[in-house]
Amino acid sequence: MNNPIRIGTRDSQLALWQANKVLQLLSLQGHTCELVLIKSDGDTDLVTPLYELGVQGVFTKTLDAALLSGRIDIAVHSMKDVPTQLAKGISEAAILERASHKDILVHKGETSFLSNPASVATIATSSVRRRAQWLYKYPNHEMVNIRGNVNTRLRKVQDNNWQGAIFAAAGLERIELRPENSMELDWMLPAPAQGAILVVCREEDFATKEKCLALHHSPTAICVKAERDFLRTLMGGCSTPISAWARIENSQLRFTGNITTPNGKESLTIDKTTHPDSTTVGIEAAKELIANAGNNILELIQSRQNNG
């Protein structure tokens, strides 16, 4: 009798949804699976902003350790949380088909502050990327930090005197918690790989990799590779306001990337269209952006590279 595939996951509602999705897909392939719940530092520290925790992969390193020690066979992650360089001994097993890549604003029903450039409002987010892009568009607004799982953050929007908070659409929609008082931020570029789910396993575990192969969605993998290549080339992490979105349109691979200073004062965007088989568009876009960067943007990139 084959041993069940042990699926490691955080114990938040969203993480459990993602892990159960992988379990269901593997079960449809005839595999027996079980969940193993593991807490991460990102879950236990709900006060420090994510960009001040000082490590990349704050939500993944505990699962990495469990994987490498043989406690679990695969780990399931929101791919945007995963460092562009996987831990030694760990490799991709599958990238699931992407859900919405968009960010949304959860508000209290009053949104006139969005159409008045001189308006004053308070918006909550723990993401330095969202903060920077929001301040670039709405320089008069105040940004406040918000932490916790999606349930906690939704509750905080109602409990505080804020006009709204920014969430990933995919997360709220997966667990059916997207409120009626929400709107898609079509102008905001997402985090690289936002909306995608990554399954990883031990590098030498070829049997498990083979079992996960049926879950892999190649078009999503092409797009998120370009986005993560862009991020890695700019040496970005959770504390760098770097955004990227790749999509296949009209049989072409279109890539849009952005870097914004944390205070939202300056922003630089690049847009490229290439053949869908391109494996270098993210790297090329990053190099072009560096070549065209203004002084403050370039200093930000160089400081991240020097500290990387």
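Just so it is clear, the values below take in all heavy atoms, side chains as well, and ignore hydrogens, waters and symmetry mates.
The side chain to side chain contact (heavy atoms under 4.5 Å, CB included) search around Arg155 returns Thr152, Asp159, not counting sequence neighbours. Residues that satisfy the ring-ring contact (aromatic ring centres under 6.0 Å, His included) test with Tyr136, not counting sequence neighbours, are absent from this structure.
Without hydrogens or angle criteria, Asp271 side chain to Thr256 main chain gives no donor-acceptor distance under 3.5 Å.
By the neighbour-count criterion of 12 heavy atoms within 6.0 Å, atom NZ of Lys287 is sparsely surrounded, having that number or fewer from other residues, nucleotides or ligands. Taking a 6.0 Å sphere around CD of Glu176, one finds it holds 12 or fewer heavy atoms contributed by other residues, nucleotides or ligands. With a 6.0 Å radius and a threshold of 12 heavy atoms from other residues, nucleotides or ligands, Lys108 has its NZ atom above the threshold. In Gln85, the CD atom is not crowded: 12 or fewer heavy atoms of neighbouring residues, nucleotides or ligands sit closer than 6.0 Å.
Screening residues 88-108 for ring pair (Phe, Tyr, Trp, His ring centres under 6.0 Å) gives His101-Trp245 as the qualifying pairs, with residues at least two apart or on separate chains.
Between Tyr138 and His141, the angle of the ring planes stays under 30°, which puts this pair in the parallel group of the 30/60° scheme.
The side-chain heavy atoms of Ile297 and Thr261, taken from C-beta on, include a pair separated by under 4.5 Å.
Across all their heavy atoms, Ala246 and Leu253 have their closest contact at CB-CD1, 4.2 Å.
Under 3.5 Å, the side chains of Asn116 and Ser119 contain no donor-acceptor pair of N or O atoms.
The only option from Gln133, Arg129, Arg130 that meets the side chain to side chain donor-acceptor pair (under 3.5 Å) definition with Ser243 turns out to be Gln133.
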Determine all donor-acceptor pairs shorter than 3.5 Å in which one atom belongs to a side chain in residues 183-191; sequence neighbours excluded.
from: Glu184; atom 1: OE1; to: Lys102; atom 2: NZ; distance (Å): 3.0
from: Asp186; atom 1: OD1; to: Lys102; atom 2: NZ; distance (Å): 2.8

Review item, side-chain donor-acceptor pairs of residues 160-167, under 3.5 Å, at least two apart:
from: Asn160; atom 1: ND2; to: Lys156; atom 2: O; distance (Å): 2.8
from: Gln163; atom 1: OE1; to: Thr122; atom 2: N; distance (Å): 2.7

Donor-acceptor list for residues 89-99 side chains, cut-off 3.5 Å, not counting sequence neighbours:
from: Ser91; atom 1: OG; to: Lys209; atom 2: NZ; distance (Å): 3.0
from: Arg98; atom 1: NE; to: Gln194; atom 2: O; distance (Å): 2.8
from: Arg98; atom 1: NH1; to: Glu227; atom 2: OE2; distance (Å): 3.0
from: Arg98; atom 1: NH2; to: Gln194; atom 2: O; distance (Å): 3.1
from: Arg98; atom 1: NH2; to: Glu227; atom 2: OE1; distance (Å): 2.8
from: Arg98; atom 1: NH2; to: Glu227; atom 2: OE2; distance (Å): 3.3

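At a threshold of 4.5 Å between side-chain heavy atoms, the hydrophobic network of Ile, Leu, Val, Met, Phe, Trp and Tyr places Trp17 and Leu23 in one connected group.
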